[in-house]
Amino acid sequence: MVRRFYSLPSLIALAAFEAAARHLSLTKAAEELNVTPGAISKQVRMLEEELGIPLFLRRHRALELTREGETMAAALRDGFERMSSTFRQIKSLGGQAVATIGSTMAMAHLWLMPRMGAFWNRHPEIVVDHVISDHPRGLDRPDVDLRIRYGDGEWPDELSAKLYDDRIFPIASPAFAKAYPAKSVADLARMQLLSVEGIDWTWTTWSEFLREVGHPDRHVNVRRFNSYVIALQAARSGQGVALGWESLVAPLIEAGNLVRVTDAEIAAPQSYFVTWTARRPLSLQAQLLRDWLLSLGSLSSAQASRLPISLEQPVRRRSPRAKGELA
């Protein structure tokens, strides 16, 4: 048998194990790699046989990494992320530099996209790719350079910088607020309430909000959504009262699409952060995007909500010269 230069087992087996360890599921790993769960299981067992130790504890309908499995998974994740970063950097040399940013749909739609025109005009040489996911783990991909997250600032294997704090208050359409006037929190608690629940439990719910403002009513009339964008659409169409994060809904209030309902409000229990992996350095273009995002965090909510979509006329991008084209 020819000796492998790096003394590594099959790269196919390593990729199969890494995917299974990341998902803690043979089925999800198989879907990602477009093979059968049986093929993933076979590759993992081959790897375990070569090592002479188990990498997974196989529970009923569940996988759990052994201590050695956790060590192997961390090493592979770090290596694959570095390879992914290097691949993308080399690939970008043939065209424009690329930075990838991930966020939830609400953050992308209501906060980020209205501001991105300013960055594109300031840095026309950088292409910004967007990854959108409302799932808590949906942004944990090696091709995502930066992430905008809501939380306490602590995420495994990530560095973070605070973007801004926020405030939360009830909002509804002007027609709904006129038809169902609320003079107190008790009045508010009796209305049709639109709540975002079920995906990311860091999101403040109506029961938590009412408890914070001194009205812990357990018998509220709640319609639940797993998308903040859809909950806001329901509120704008007069279907009830939603909780408004000031940074996200300020432009909608200024435009007259939504109004505040009562003067009740609380400080958001967590904050928005820009995060990036601690396992590899950011590219220059990702650093520029990160620093620009953090400069927006220093603005007040009112100033940020009025940031123009474009600070100047768009710059015409020059296409990369085709091979063989004369200068």
Side-chain angles (χ1 to χ4, degrees), residues 1-94 98-102 129-147 149 151 154-160 199-201 275-283 286:
M1 180 179 294
V2 177
R3 177 179 175 272
R4 301 183 186 116
F5 184 81
Y6 290 104
S7 299
L8 288 173
S10 161
L11 294 180
I12 296 175
L14 292 176
F17 167 72
E18 192 278 333
R22 181 160 28 86
H23 292 292
L24 289 178
S25 167
L26 298 179
T27 300
K28 291 181 179 179
E31 291 173 356
E32 178 182 317
L33 299 179
N34 197 29
V35 296
T36 66
I40 296 292
S41 179
K42 179 180 179 181
Q43 292 295 330
V44 172
R45 288 192 181 279
M46 287 173 56
L47 186 59
E48 289 176 322
E49 289 173 2
E50 185 162 347
L51 288 170
I53 54 174
L55 298 173
F56 285 114
L57 298 175
R58 291 160 174 83
R59 310 295 189 187
H60 180 62
R61 293 180 176 272
L63 289 178
E64 181 181 329
L65 285 165
T66 63
R67 183 174 61 182
E68 293 81 6
E70 290 178 351
T71 301
M72 178 68 74
L76 287 172
R77 184 171 61 247
D78 182 67
F80 287 159
E81 283 195 354
R82 289 179 180 274
M83 285 188 285
S84 174
S85 175
T86 301
F87 177 82
R88 292 176 64 243
Q89 289 178 16
I90 293 174
K91 186 178 179 180
S92 72
L93 295 177
V98 177
T100 302
I101 184 167
D129 288 343
H130 295 265
V131 174
I132 311 298
S133 177
D134 287 336
H135 193 280
R137 299 293 301 275
L139 303 179
D140 297 341
R141 294 170 32 171
D143 59 331
V144 177
D145 299 306
L146 301 170
R147 302 165 182 86
R149 296 190 186 273
E154 297 292 332
W155 288 273
D157 300 319
E158 289 191 65
L159 302 175
S160 67
I199 294 283
D200 187 351
W201 291 103
T275 76
W276 58 98
T277 181
R279 293 189 290 270
R280 55 180 169 82
L282 284 175
S283 64

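Remember, predicted model here, so these are calculated numbers, not experimental data.
The two residues Leu63 and Ser25 come nearest to each other via the heavy atoms CD1-N, 4.0 Å. Of all non-hydrogen atoms in Thr275 and Ser160, the two that sit nearest each other are CG2-CB, 3.8 Å. Pairing each heavy atom of Leu47 with each of Pro9, the nearest pair is CD1-CG, 3.5 Å. Across Pro37 and Ala30, no two heavy atoms sit closer than the pair N-CB, 3.5 Å. When all heavy atoms of Ala16 and Ile40 are compared, the pair lying nearest together is CB-CD1, 3.9 Å. Nearest approach of Ala19 to Leu33, heavy atoms of both residues: CB-CD1, 4.1 Å.
At most 12 heavy atoms of other shown residues, nucleotides or ligands fall within 6.0 angstrom of atom CD1 in Ile12.
The side-chain heavy atoms of Gln43 and Met46, taken from C-beta on, include a pair separated by under 4.5 Å. Residues Val98 and Asp145 are not in side-chain contact: their nearest non-hydrogen atoms beyond the backbone lie 4.5 Å or more apart. In this structure, the side chains of Glu68 and Leu51 stay at 4.5 Å or more apart for every pair of heavy atoms. In this structure the side chain of Leu11 reaches within 4.5 angstrom of the side chain of Leu14, judged on heavy atoms. Residues Arg147 and Asp140 meet the side-chain proximity criterion, which asks for heavy atoms closer than 4.5 Å.
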Using residues 69-79 as the side-chain source, report each donor-acceptor pair under 3.5 Å to any protein atom, sequence neighbours left out, with the distance given to one decimal.
| from | atom 1 | to | atom 2 | distance (Å) |
| --- | --- | --- | --- | --- |
| Thr71 | OG1 | Arg67 | O | 3.1 |
| Asp78 | OD2 | Arg82 | NE | 3.3 |

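Rounded to the nearest 0.5 Å, atoms CG (Leu146) and OG1 (Thr277) are 11.0 Å apart.
Between His23 and the choices Glu31, Glu18, Lys28, Glu32, the side-chain hydrogen bond (donor to acceptor under 3.5 Å, both in side chains) rule is met once, by Glu32.
With hydrogens and angles disregarded, a donor-acceptor distance shorter than 3.5 Å links the side chain of Glu48 to the backbone of Phe56. Panel note: side chain Thr66, backbone Leu55; a donor-acceptor pair is recorded below 3.5 Å.
Qualifying ring pair (Phe, Tyr, Trp, His ring centres under 6.0 Å) partners for Trp155, counting only residues two or more places apart in sequence or in other chains: Phe273.
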